Number of protein chains: 2
Amino acid sequence: MLRLSKLTDYGVLLMTHMAASDSGTYSAVALAEATRVPLPTVSKVLKLLSRQRLVESIRGPRGGYRLARSPARITVGEIVRCLEGGIALTECSRDDAECEQAPFCVSGNGWKRINAAVRDALGTISLADMAEPDFMPFFRLQRTIQVTEELS
Amino acid sequence: MLRLSKLTDYGVLLMTHMAASDSGTYSAVALAEATRVPLPTVSKVLKLLSRQRLVESIRGPRGGYRLARSPARITVGEIVRCLEGGIALTECSRDDAECEQAPFCVSGNGWKRINAAVRDALGTISLADMAEPDFMPFFRLQRTIQVTEELS
DNA sequence: CTTATATAGTACTAAATTAGTCCCATAAGG
DNA sequence: CCTTATGGGACTAATTTAGTACTATATAAG
Ligand code: FES
Ligand code: FES
């Protein structure tokens, strides 16, 4: 299904929640209740997010998590990359490791290009966009103008 | 990793091979040898592709598989949809089934939009593009022009 | 009509990945 | 201190995916 893991789904959900109602910091418990995601899982996801500094953590009583940057400056792509460990549709398109059957393969660069397109799509949508209920993405048009200028 | 299944990878690989050297029909055995993918697996993939009429099958001696349409008219997106059973990054974004935690969820439409972007990216790249070794995707530029015109 | 070749369908097993939970360590406020 | 909260890691269960095998069906050639 070309699916993201549930962990990633949760991650975006949690962060979007934080972006939507910005009451400063949230404890894992509070987020679990608000989103109906099981607490241990919420905890796990936030820990992962905090390692890559997508959220900041405050320990101790009155502690919790808060977004590390403003929602507009955090992209869905970053969250995906953090929780999935990269964005690569196929082995061949990973930046490291070469595919074992490269010598017999004609597809070569195609996948790399497709990946770039997907990364681009994910990298253009911010948490602020996700939190906006009637979000209509004109991101594609923005790109358009940009590229068109380059063209001429 | 936001990965496609290996089956999908194989599918694209096999069909790209058929697109590149169009010697009519290929038997599963021939394709397995050419691509170094294990025969039973090749067989499985081709069967799946044939059900959705992405390849045509000819039974009996001198039989095999061939592309159902010209390479330029088959998109990578179609192959992915066939072998992954759809293109949906999250539960919420599937056309059917509603996500169970929709009532508590703020992300709402965001995923649908992201999916549309990904689908768009996959649907714009054809087998002919994949088979082209030095494929430089101007697909985005093509879109650009298109959209720009609409803009005015 | 018989035989060899090749796909169709399906069922099954094994492997890998992912999800989810738990425990203990650490930090900080009251 | 003692309570609250995160940090890290390890572990188990569940799900998904990969791969294989077997039987049935179609067809071309002799
Ligand atoms: S299949 Fe990996 S390089 Fe093409
Ligand atoms: S998490 Fe499913 S609708 Fe938002």
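Note that the structure is a prediction, hence the values are computed from the model and not measured. Chain identifiers are assigned alphabetically (A, B, ...) following the order of the sequence lines, protein sequences preceding nucleic acid strands; residue numbering begins at 1 within each chain.
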**Bend angle of the helix from C/dC1-D/dG30 to C/dG30-D/dC1, from helix axes over five pairs at each end, nearest 10°** = 10°
**Asked** With respect to the phosphate group of D/dG7, does any side-chain polar atom (N or O) of A/Ser57 fall under 4.0 Å of OP1 or OP2?
**Response** yes
**Item:** Whole angstrom value for the distance that separates P of D/dA18 from CG of B/Leu39
**Value:** 17 Å
**C/dT5 OP1/OP2 closer than 4.0 Å to side-chain N/O of B/Ser27** = no
**Fill in**
Separation of C/dG29 atom P from A/Arg62 atom CZ, nearest Å, is 12 Å
**Asked** Just wondering, do B/Ile79 and B/Leu127 contact through their side chains at under 4.5 Å, heavy atoms?
**Response** yes
**Asked** Side-chain contact, heavy-atom cut-off 4.5 Å: A/Leu4 with A/Asp9?
**Response** no
**Request:** Choose from C/dA19, D/dT27, D/dT17 the nucleotide whose nearest atom is closest to any side-chain atom of B/Ser5.
**Result:** D/dT17
**Item:** Enclosure of B/Arg69 CZ (heavy-atom neighbours >12, cutoff 6.0 Å)
**Value:** yes
**Message:** For the backbone of B/Thr75 and the side chain of B/Glu78, can you confirm whether one donor and one acceptor N or O come within less than 3.5 Å of each other?
**Reply:** yes
**Separation of atom CD in A/Glu56 from atom C1' in C/dA27, rounded to whole Å** = 16 Å
**Asked** Do B/Tyr10 and B/Thr35 have side-chain heavy atoms sitting under 4.5 Å apart?
**Response** no
**Message:** By nearest heavy atom, map A/Pro40 and B/Ile58 onto DNA chain C; which one lands nearer the 5' end?
**Reply:** B/Ile58
**Separation of atom NZ in A/Lys6 from atom P in D/dA14, rounded to whole Å** = 13 Å
**Prompt:** Any side-chain N or O of A/Tyr65 less than 4.0 Å from the OP1 or OP2 oxygen of D/dG7?
**Reply:** yes
**Heavy-atom neighbours of B/Arg66 CZ exceed 12 at 6.0 Å** = no
**Message:** Using heavy-atom distances to pick each residue's nearest nucleotide on DNA chain C, tell me which of A/Pro38 and A/Arg59 is more 5'.
**Reply:** A/Pro38
**Fill in**
Under a 4.0 Å heavy-atom cutoff, the residues of residues 41-54 of chain A touching DNA chain C are A/Thr41, A/Lys44
**Asked** Is the shortest heavy-atom distance from the side chain of A/Leu46 to the side chain of A/Met18 under 4.5 Å?
**Response** yes
**Fill in**
From CZ of B/Arg66 across to P of C/dA6 the rounded distance in Å is 16 Å
**Fill in**
Applying side chain to side chain contact (heavy atoms under 4.5 Å, CB included) to B/Ala72 and not counting sequence neighbours gives B/Ser70, B/Ala128
**Request:** When you get a sec, tell me which of D/dT27, D/dA18, C/dT7 is the closest nucleotide to the side chain of B/Pro61?
**Result:** D/dT27
**Asked** Expressed in angstrom and rounded to an integer, what is the separation of B/Leu4 atom CG from D/dT16 atom P?
**Response** 17 Å
**Message:** Within the 4.5 Å heavy-atom criterion, are B/Tyr65 and B/Lys47 side-chain neighbours or not?
**Reply:** yes
**Euclidean distance, atom CZ of residue A/Arg3 to atom P of D/dT15 [Å, nearest integer]** = 13 Å
**Prompt:** Could you give the CG-to-P distance, from B/Asp9 to D/dT17, as a whole number of Å?
**Reply:** 15 Å
**Prompt:** Taking the side chain from B/Thr124 and the backbone from B/Asp120, do they hold a donor-acceptor pair closer than 3.5 Å?
**Reply:** yes
